[in-house]
Amino acid sequence: MTNFKATTTMVAAIAGLTALVALPVAAAENLNFAYGYPSTSAIGLAVDDYAAAVKDRSNGEISVKGFAMSLLSLPETSPGVRDGLADVGFVLTPYYAAEYSTNLYLHEMNLLISLAQTPTGKEPLAFTGAMLEYTFNKCPECLAEFKAQNQVYTGGGVTPLYNLLCKDVKATTVEDLKGKRLRAGGAGFVRFAEHFGAQGVRLPTNEVYEALDQGILDCAMLSAPELTNYNLHEVVTDITLGVPGGAFAGVAAANVNADRWKAMSVDSREALLWGGSQMTASTTWNFYTDDAVAIQNSKDKGIKIHDPEPELTAAVQAFVKQDLKTVAALFRDTYGVARAEEIAADFPPLLEKWYGLVEGVDSKEQLQALYWDQVISKIDPATYAQ
């Protein structure tokens, strides 16, 4: 009898242990990240940093796999993230003016950096910080626009100053611009082209090479790192620095599918916010450091580098001042941005604050810490985007 009881007890213990072993272990999150850039580009390297940052912050519970120029193209990324084809995506808001009108308005204020009183070259770093802070803390309309597209905003990014990248065209005077076909990445750049008697052509960056090569474009208004990212140095013959100026700031660098976000734990959401700060810093810093390298590489390849004539510089400055005065009314009346004038008054002082904040930044790590400490760490992952 005793042996029978012992045997029964042992069997029960083994069965209980087996049941415990059979219980499902909480599976790690596996996320795919779609971005329409080469894997070796500033964006591709930033995605690698994002994946590493999220994995580390989540103690290995979240794995992110990047898909470069394959899962979704740049124009497909926003609807793809919305519909769950990608868990995370590098979204460019100017492709979707109707859906992201307020976010687009903030981007259109990028020309402010061309008016910096004491330029240091770090203006894009500051504009990124100002965009980040304003979007998270002072622009409920911006966040509502992302929510309407079933997305969660976790970070941004800004390119270096824009130049004219041309094929068989030297464009250093106002007269040189007349009649030229210029690639424009947003409505502000279209207005610039039209102001100077040129034609603004809206094209994704990955179509610029072919358009220049086939003569569809005379010049592309782009930052210098795109010469390397898209091998544009193979077709570009002339570069005019600082024209049109401004930068591309219509970037939602790591938008997360909202359904996926809501299904995650608070700790996992916090890890993605941390990753958003890394993605923002890496995107902006990689572009910042790649800028001078790209210009030097262009010189080495025989591409002619031009400075604009003084009369063109003065004309560009005049356009910027005029455009900043009219863009608020344009977005209020055309896109329904009700607070356009209020935003126009609020944003410049915030940008001035960020000029001071980025002054001592000398590394990507410092930039990430700044964006995290000043803005993203203050977002509550338990309630954000719920």
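This one's a predicted model, so the numbers in the text were calculated from it and none came from an experiment.
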Check this for me, if you would: do [X] and [Y] make a salt bridge, where the nitrogen-to-carboxylate-oxygen distance has to be below 4.0 angstrom?
| X | Y | result |
| --- | --- | --- |
| Lys122 | Glu359 | no |
| Asp238 | Lys170 | no |
| Glu133 | Lys138 | no |
| Arg191 | Glu108 | yes |

Between Tyr100 and Phe146, is the gap from one ring center to the other below 6.0 Å? yes
Taking the side chain as every heavy atom from C-beta outward, state whether [X] and [Y] have any atom pair closer than 4.5 Å.
| X | Y | result |
| --- | --- | --- |
| Ile379 | Asn137 | yes |
| Met109 | Ile343 | yes |
| Val64 | Lys55 | no |
| Leu85 | Leu71 | no |
| Trp372 | Gln278 | no |
| Leu104 | Tyr96 | no |
| Leu115 | Leu324 | yes |

Classify the angle between the aromatic ring planes of [X] and [Y] as parallel (below 30°), tilted (30 to 60°) or perpendicular (above 60°).
| X | Y | value |
| --- | --- | --- |
| Tyr37 | Phe90 | perpendicular |
| Phe248 | His107 | tilted |
| Phe319 | His195 | tilted |
| Tyr35 | Phe33 | perpendicular |

Indicate whether any N or O donor in one side chain lies under 3.5 Å from an N or O acceptor in the other, for Gln149 and Ser78. no
Gln368 side chain to Ser277 side chain, donor-acceptor N/O pair below 3.5 angstrom: yes
Treating [X] as the side-chain partner and [Y] as the backbone partner, does any N or O pair qualify as donor plus acceptor under 3.5 Å?
| X | Y | answer |
| --- | --- | --- |
| Arg269 | Trp261 | yes |
| Ser282 | Asp49 | no |
| Ser114 | Gly246 | yes |
| Gln386 | Tyr384 | yes |
| Arg181 | Ile216 | yes |
| Arg183 | Leu203 | yes |
| Ser73 | Met69 | no |

Closest heavy-atom contact between [X] and [Y]?
| X | Y | answer |
| --- | --- | --- |
| Ala247 | Val158 | CB-CG1, 3.7 Å |
| Val361 | Leu357 | CG2-O, 4.1 Å |
| Pro124 | Leu161 | CG-N, 4.5 Å |

Please answer: with hydrophobic residues joined when any side-chain heavy atoms are less than 4.5 Å apart, are [X] and [Y] in the same cluster?
| X | Y | value |
| --- | --- | --- |
| Leu106 | Tyr335 | yes |
| Leu182 | Val174 | yes |
| Leu74 | Val81 | no |
| Val316 | Val169 | no |

Quick one, Met264 with Glu29, criterion side-chain contact (heavy atoms from CB on, under 4.5 Å). Give me CA distance, side-chain angles, the key distance, then yes/no. CA-CA 9 Å; Met264 287 183 167; Glu29 296 276 3; 3.7 Å; yes
Got a sec, which pairs hit salt bridge (charged side-chain N to carboxylate O under 4.0 Å, His left out) with one end in residues 65-89, sequence neighbours left out? Asp87-Arg260
